[in-house]
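Values in this document were obtained by computation on a predicted structure and should not be read as measured data. Computed from heavy atoms alone, side chains included, the values below leave out hydrogens, waters and symmetry copies.
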Amino acid sequence: MDARALAALAANPGCRRRALLDGAGVDKGALASALGAPANFGQSQFAHQRGNSFEARVKADGGADLVRLLHERLRDGSEAPGPGTVATPDLTAPGPQGRTARTALALREATEAGRWALLDHPMVSLDVAGSPAFLEPDAVVVHPDGSWTVVEIKSFPMVDGSADPAKVGAAARQSAVYTLALERVASMIGRPPEGGDGTAAREGSVTPAEGASVRARVRHHVLLVCPKDFSNLPTAEMVDVRKQLAVTRRQLDRLTRIEDIAAALPEGTTFDLRLTDDGRTPTRPVEELTAAVEAVDAAYAPECLSTCELAAHCRTRSRAAGRVEALGRGVRGELGGLTTMDAVLTAAMGRPADDTPTGDPTVDALRRAAALRAEALASRPEAVACR
């Protein structure tokens, strides 16, 4: 699982299907294609290359300009980083566990050193439903006061100081996942000072210059770096992710453990596509693969179409079963115990002659809506009746 997948999973914690497939490392894109419902979203190769090119430009000088950009946006009166004062520790290590351990050590050393440091693509881990997920932020900056800031670099433009709110929101949710994982590392290094809210050290706190050890903490404002006005020049803004952090923490805590989901599956369930020797062509029968996927409950909503590769398949199955989830979470919540389209239509059309209330506010509202629609159609004979 990466941070993007975790942010989407946290937004829909009731989807056991996604939790299991992501936890098992199943390629959901290949699975969707084999099911005949390929995903129609994702970043194009051109956009991916453009993003990599922009990130390389931002970090071209060892991250000195990036740290200066962060300092300018902080406006907290701290001393600006000078030439050659930004440390860039080597995070090379074998395997994700090794990189995670090396990152934790580098964060500890940089925090205790009491100087600016930039960790380029560090790796941190987060426990998700009993399974470890390894995450790789674009960068993490360590401040001289011992605090850490997550840096998220995106290729969408920031025009006149603002960017697309939907894209900023997605970046904030992704950064909240990184922040949550870093808080775990910070808790092992030291407890934050009393009243710590992710801001700079308060007046009277002990600093490295006074000879005391620094207590690590993660700031709750992340630095979002984007191209300025469609150019290739970087600009940035601080984004408060406290709300996203609280939601992500709560939703991840609600996730059923992956072991429990797997234990409920029929014996021998597998999502293996049985690829040919070229590693591209699946040979497993679609009916058999569909049965395996349907063995795990899903919680489809239209929002899934922009975050999950299996959304098209789940939408088709949801529509075929006549589930109200296909109309959106808002509608599903309003309809209460009415979970299918047939149940909704039966409730709406079963209006008694004396208009006696049923005592169920949902049913009464549906019947009133059906009566209003019937009146509107009666005034227009040429209109198509509701069926």
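R102 and D90 are not joined by a salt bridge, as no carboxylate oxygen comes within less than 4.0 angstrom of a charged side-chain nitrogen. No salt bridge links D360 with R367; every basic N to acidic carboxylate O contact stays at or beyond 4.0 Å.
D229 contributes atom CG, which lies 8.0 Å from atom OG1 of T235 (distance to the nearest 0.5 angstrom). For the atom pair E325 CD and C314 SG, the distance stands at 11.5 Å (nearest 0.5 Å). For the atom pair L366 CG and L335 CG, the distance stands at 6.0 Å (nearest 0.5 Å). The distance from atom CG of L35 to atom CZ of R284, rounded to the nearest 0.5 Å, is 9.5 Å. To the nearest 0.5 Å, the span separating OG1 on T290 from CD on E288 amounts to 10.0 Å. The line from CZ of R16 to CG of D297 is 6.0 Å long, rounded to the nearest 0.5 Å.
A 6.0 Å sphere centred on CG of D278 holds more than 12 heavy atoms belonging to other residues, nucleotides or ligands. Counted within 6.0 Å of CD on E303, heavy atoms from surrounding residues, nucleotides or ligands total more than 12; the atom is thus considered enclosed.
M341 is listed as a side-chain neighbour of L327, based on a closest heavy-atom distance under 4.5 Å. Under the 4.5 Å side-chain criterion, counting only non-hydrogen atoms from C-beta, C304 is in contact with N12. With contacts defined as side-chain heavy-atom distances shorter than 4.5 Å, the pair M238/L74 qualifies. Within the 4.5 Å cutoff, the side chain of V141 has heavy atoms near those of the V151 side chain. Side-chain contact between R274 and P285: present, with at least one pair of heavy atoms (C-beta onward) separated by less than 4.5 Å. Residues V140 and Y178 are not in side-chain contact: their nearest non-hydrogen atoms beyond the backbone lie 4.5 Å or more apart. Inter-residue side-chain proximity for H313 and V293 is flagged as met; some heavy-atom pair is nearer than 4.5 Å. Between P89 and L119 the shortest side-chain heavy-atom distance falls below 4.5 Å.
Among all heavy-atom pairs drawn from A34 and L289, the shortest one is CB-CD2, 3.7 Å. Nearest heavy atoms, L126 versus A181: CD1-CA, 4.0 Å. For the pair D272 and T270, the tightest heavy-atom approach, listed with the atom from each and the gap, is N-OG1, 3.1 Å. Here the shortest heavy-atom pairing between A110 and A117 reads CB-CB, 3.7 Å. Taking both residues in full, the closest heavy atoms of L118 and G62 are given as CD2-O, 3.7 Å, listed atom of the first, atom of the second, then distance. Across every non-hydrogen atom of A93 and R99, the tightest pair is O-CG, 3.4 Å.
Under the side-chain hydrogen bond (donor to acceptor under 3.5 Å, both in side chains) criterion, R249 pairs with E183, not counting sequence neighbours. For R68, the side-chain hydrogen bond (donor to acceptor under 3.5 Å, both in side chains) test picks out D65, with sequence neighbours left out.
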Take D145 and R217, measure what side chain to side chain contact (heavy atoms under 4.5 Å, CB included) needs, and give me the verdict at the end. CA-CA 9 Å; D145 66 358; R217 62 190 184 281; 3.2 Å; yes
For side chain to side chain contact (heavy atoms under 4.5 Å, CB included), just list the numbers for L21 and L310, CA-CA rounded to whole Å, side-chain angles, deciding distance to a tenth of an Å, and then say yes or no. CA-CA 10 Å; L21 295 177; L310 278 176; 3.3 Å; yes
Evaluate the criterion side chain to side chain contact (heavy atoms under 4.5 Å, CB included) for residue pair T149 and H221; output intermediate values, then yes/no. CA-CA 7 Å; T149 294; H221 285 75; over 6 Å; no
Kindly determine whether V296 and T269 satisfy side chain to side chain contact (heavy atoms under 4.5 Å, CB included), including the steps that lead there. CA-CA 10 Å; V296 192; T269 300; 5.8 Å; no
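Side chain of R332 to main chain of G336: a donor-acceptor pair is present (N/O by atom type, distance under 3.5 Å, no hydrogens or angles). For S33 (side chain) and G29 (main-chain N/O), a donor-acceptor pair under 3.5 Å exists by modelled atom type. Put simply, the side chain of R315 never gets that close to the backbone of L305: no donor and acceptor are under 3.5 Å apart. With S53 contributing its side chain and Q49 its backbone, the two residues share no donor-acceptor pair below 3.5 Å. One N or O on the side chain of S187 and one on the backbone of R184 form a donor-acceptor pair closer than 3.5 Å. For the pair R73 (side chain) and A236 (backbone), a donor-acceptor distance under 3.5 Å is present. No donor-acceptor pair under 3.5 Å is formed between the side chain of K28 and the backbone N or O of R18.
Residues in residues 154-168 take part in these salt bridge (Lys or Arg N to Asp or Glu O under 4.0 Å) pairs, two or more places apart or across chains: E152-K154.
A single hydrophobic cluster is not seen to contain both M158 and V225; linkage of ILVMFWY side chains at heavy-atom distances under 4.5 Å, directly or through other members, places them apart. Cluster membership check: L31 shares its hydrophobic cluster with L275, using side-chain heavy-atom separations under 4.5 Å among Ile, Leu, Val, Met, Phe, Trp and Tyr. Residues L69 and L224 do not share a hydrophobic cluster, defined by chaining ILVMFWY side chains whose heavy atoms lie under 4.5 Å apart. Cluster annotation: V239 is connected to L182 through the hydrophobic network of ILVMFWY side chains, with a link wherever side-chain heavy atoms come within less than 4.5 Å. V331 and L338 fall within a single hydrophobic cluster, where Ile, Leu, Val, Met, Phe, Trp and Tyr side chains are chained together by heavy-atom contacts under 4.5 Å.
Counting only N and O atoms by type, the side chains of D342 and T340 include no donor and acceptor under 3.5 Å apart. Between the side chains of H220 and Q244, no donor-acceptor pair is found at a separation under 3.5 Å.
Annotation: W116 is in aromatic contact with H143 [ring centroid separation under 6.0 Å].
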